[in-house]
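I am attaching a structure below and will ask some questions about it afterwards.
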Amino acid sequence: MAKPLFTTHTGMVDILPGEVEKWQQLELLIRDTARRFHFREIRTPIMEQTELIARGVGQLTDIVSKEMFAFDRGDDHYVLRPEGTAPVSRAYIEHNLKQRGGTQQLFYIGPMFRAERPQKGRQRQFHQFGAEIIGSPNPAADVDVIAFMMDVYRQVGIRNFTLKINSVGDPESRQRYKEVLQDYLHPNLSKLSKVSQQRFETNPMRILDSKEEQDRPIVEDAPVITDYLNEECLEHFDLVKRYLAGLGITYEVDPRLVRGLDYYTKTAFELISPDLGGQDALGAGGRYDLLIEELGGPSTPAVGFAAGIERLFIACDALGIELGSEPAVDVYLVTIGEKARNWALSHLHEFRQKGLSCTMDYAGRSIKAQMKDANRENARFSIIIGDNELETGEFTLRDMEKSEERNLSLDQIHKLIAPVM
Ligand code: AMP
């Protein structure tokens, strides 16, 4: 075939029929998650005023300083939006959404644009889904957006990830920490990479997440912000951790996670996957209590996340998950005998009501046939139920992926496999 006269720009891709179906399925799944978590969709234009992004995202960030697709037309300065939080905040202020009362729980799905060097997991037009809770200072809101994000991956079948969390404090804590950090870094300044040297004065915290090899050993022993948080920030962080644990969400505290944007306050988080290669963040977010005021609105606490759809698909490919195929079953009840079958029938709904998909064998087949069926249905867990189990109240819970079995009470099983809700 002759070389086409026109092609897409570098880092921008067509999504063709055959592939678009998996996008549709994911979008349905995200919308359904939003419905369950009670977030409402917002759609903002793909172009914004350049000044909004510069102020919102921060002049010193890579996004604003070198990755904006921006142009002028007459007196107007246009930019293709590189992210969703500043546009959603703008809309919140412009339409006075505060007047609608209560907190606003909003989500979006759509294309974003950054003039980055394209590579695996990094495009110039890419897509994000994200959610924001605007108007609540409560740490429960932080946990709610994290739970929303993780629920999407859970439903897709991606479970191989690490949630990293940190607190980047408030301006007061940060100022204290900034000074301590600069004092620590100063003697090593000449050993730091050029980029980090440039950040020393303006944004030394960004040095902590430097990808430059030569910065690593210096950064490793640096003081950590969590030691300089004031009481309010500490308490907030403690509650976030406690609420996460309450939902059964495991996390790692990473005191070097800073996320680079000036507007972040208190909670910052990132969801990291080992299946992505170099660009290993599936999604990320944090609290931004100062942003709305910075953009000219009333002082309004808020928290949100954004996650990359292309990266979600890369993780799916690595894990052999085919979206558009039959959804996996969370729990398969394997029964031995009539009594167990009746018991299972009445307990099936307990799992379903907790948001898990749960099924069982209705045909009275052998255990072997039932296990085979559970495998075919891609079940995450099976629970084996017989007369003995009903008598003792202890059941065998089998993790089908890991082929591990544990004997547990029904209560323990519910706790262990409770989905994030
Ligand atoms: P950020 O807005 O930079 O915090 O990014 C949030 C998420 O969006 C990341 O974790 C990625 O999954 C995704 N993302 C960011 N930049 C790109 C890009 N250039 N190409 C593809 N995905 C991206």
Side-chain angles (χ1 to χ4, degrees), residues 8-15 23 26 30 44 46 48 52-54 56-58 60-69 79-89 107-132 142 145-146 148-150 152-153 156 158 160-166 168 203 205-206 209 211 254 257-265 267-288 291 302-318:
T8 56
H9 279 297
T10 311
M12 302 198 174
V13 297
D14 295 314
I15 303 165
W23 285 78
L26 179 69
I30 294 166
T44 59
I46 58 168
E48 291 283 349
L52 166 78
I53 302 302
V57 178
L60 299 169
T61 58
D62 287 350
I63 295 180
V64 171
S65 62
K66 44 186 192 207
E67 295 168 0
M68 286 202 294
F69 283 106
V79 62
L80 287 170
R81 65 178 183 197
E83 58 100 58
T85 301
V88 169
S89 301
F107 81 98
Y108 59 85
I109 305 174
M112 306 292 163
F113 304 84
R114 295 183 196 172
E116 299 196 84
R117 191 170 55 79
Q119 53 182 281
K120 187 179 168 197
R122 208 196 251 179
Q123 294 177 188
R124 291 187 163 180
Q125 174 175 336
F126 60 99
H127 298 76
Q128 286 183 334
F129 65 97
E132 321 282 353
D142 309 29
V145 294
I146 294 176
F148 181 142
M149 173 174 78
M150 296 187 64
V152 170
Y153 294 100
V156 169
I158 300 172
N160 192 14
F161 49 58
T162 307
L163 173 69
K164 292 191 172 178
I165 61 167
N166 191 22
V168 295
N203 199 352
M205 280 171 71
R206 282 296 313 272
D209 69 357
K211 302 269 182 293
D254 179 355
L257 177 67
V258 292
R259 308 264 322 111
L261 306 186
D262 288 349
Y263 63 62
Y264 278 116
T265 46
T267 317
F269 56 87
E270 231 171 51
L271 197 64
I272 304 295
S273 160
D275 302 309
L276 290 178
Q279 303 299 318
D280 63 356
L282 283 167
R287 180 163 275 285
Y288 51 96
L291 178 65
V303 59
F305 79 86
I309 295 185
E310 285 82 359
R311 289 198 197 166
L312 183 150
F313 289 141
I314 293 174
C316 284
D317 288 346

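Computation of the quantities below employed the complete heavy-atom set of this structure, encompassing side-chain atoms and omitting hydrogens, waters and symmetry-equivalent molecules. For ligands, and for the atoms within them, numbers begin at 1 and follow the listed sequence.
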### Query
Considering only protein heavy atoms, which is closest to atom 11 (C) of ligand 1, and at what distance to one decimal place?
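Here the closest protein heavy atom is Arg311 NH1, 3.4 Å.
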### Query
What's the verdict on salt bridge (Lys or Arg N to Asp or Glu O under 4.0 Å) for Lys164 and Glu270, showing C-alpha distance, side-chain angles and the deciding distance?
CA-CA 5 Å; Lys164 292 191 172 178; Glu270 231 171 51; over 6 Å; no
### Query
Does Gln128 approach ligand 1 within less than 4.0 angstrom via side chain, backbone, both or neither, non-hydrogen atoms only?
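Only the side chain of Gln128 comes within reach of ligand 1.
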### Query
For atom 13 (C) of ligand 1, which protein heavy atom lies nearest, and how many Å away is it?
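Ranked first by proximity to atom 13 (C) of ligand 1 is Gly308 CA, 3.6 Å.
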### Query
For the residue pair Phe305 and Phe148, is the inter-centroid distance of their aromatic rings smaller than 6.0 Å?
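Phe305 vs Phe148: aromatic centres under 6.0 Å.
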### Message
For atom 21 (C) of ligand 1, what is the closest protein heavy atom, and at what distance to 0.1 Å?
### Response
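Residue, atom and distance for the closest contact: Gly121 O, 3.3 Å.
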### Query
What residue and heavy atom of the protein are closest to atom 4 (O) of ligand 1, and at what distance?
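Protein heavy atom at minimum distance: Arg259 NH2, 2.6 Å.
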### Message
Please classify the Ile63 to ligand 1 contact at 4.0 Å (heavy-atom distances, strictly less than): side chain, backbone, both or neither.
### Response
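Answer for Ile63: neither.
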### Task
Give a yes or no on whether the ring-centroid distance for Phe113 and Phe126 is below 6.0 angstrom.
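Here the rings of Phe126 and Phe113 have centres that are no less than 6.0 Å from each other.
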### Query
Below 3.5 angstrom, do we get any N/O pair linking Ala284 and ligand 1?
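In fact, backbone or side chain, Ala284 has no N or O that close.
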### Close-contact set for ligand 1 against Gln123 heavy atoms, below 4.0 Å
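This gives 18 (C), 19 (N), 20 (N), 21 (C) as the contact atoms.
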### Task
Could you label the plane-to-plane angle of the Tyr288 and Tyr264 rings as parallel, tilted or perpendicular, counting under 30° as parallel and over 60° as perpendicular?
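Plane angle over 60°, so perpendicular.
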### Query
Can you check whether Phe126 has an N/O within less than 3.5 Å of an N/O in ligand 1?
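N/O-N/O distance below 3.5 Å does not exist for this pair.
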### Query
Less than 3.5 Å between some nitrogen or oxygen of Ala307 and one of ligand 1, yes or no?
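Between Ala307 and ligand 1 (N or O atoms, distance only) the closest approach is not under 3.5 Å.
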### Sidechain-backbone polar pair: Glu116 side chain, Pro118 backbone, donor-acceptor under 3.5 Å
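Checking the backbone N and O of Pro118 against the side chain of Glu116, no donor-acceptor pair under 3.5 Å is found.
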### For atom 12 (O) of ligand 1, the protein heavy atom that lies nearest, with its residue and separation
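So the nearest neighbour among protein heavy atoms is Leu282 O, 2.9 Å.
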### Message
Test your reading of the model: is there a side-chain donor-acceptor pair from Arg114 to the backbone of Met68, 3.5 Å cut-off?
### Response
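Not at all, since once roles are kept as given, no pair shorter than 3.5 Å links the two residues.
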### Query
Is there a heavy atom in Glu116 that sits closer than 4.0 Å to ligand 1?
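It does; at least one heavy atom falls under 4.0 Å.
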#### Entry: Atoms in ligand 1 flagged as close to Gly283, the criterion being non-hydrogen separation under 4.0 Å
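Matching atoms, with element in brackets: 10 (O).
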### Task
Taking the side chain as every heavy atom from C-beta outward, state whether Gln123 and Glu310 have any pair of such atoms under 4.5 Å apart.
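Answer yes - side chains close enough.
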### Task
Could you tell me whether Glu48 and Arg81 make a salt bridge, using a distance below 4.0 angstrom between a side-chain N and a carboxylate O?
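Answer for the salt bridge query: no.
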### Query
Got a second to check how far Leu163's CG is from Ile272's CD1, nearest 0.5 Å?
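The distance works out to 9.5 Å.
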### Numbering as shown, the atoms of ligand 1 that approach Ala306 to under 4.0 Å (heavy-atom distance)
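Contacts of ligand 1 toward Ala306, numbered from 1: 6 (C), 7 (C).
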### Query
For atom 10 (O) of ligand 1, which protein heavy atom lies nearest, and how many Å away is it?
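That would be Ala281 O, 3.1 Å.
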### Query
Say you draw a straight line from CG of Leu26 to CZ of Phe313; how long is it, rounded to the nearest 0.5 Å?
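Reported value, rounded in 0.5 Å steps: 4.5 Å.
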### Task
Tell me, please: is Arg114 in heavy-atom contact with ligand 1, that is, under 4.0 Å?
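True for this residue.
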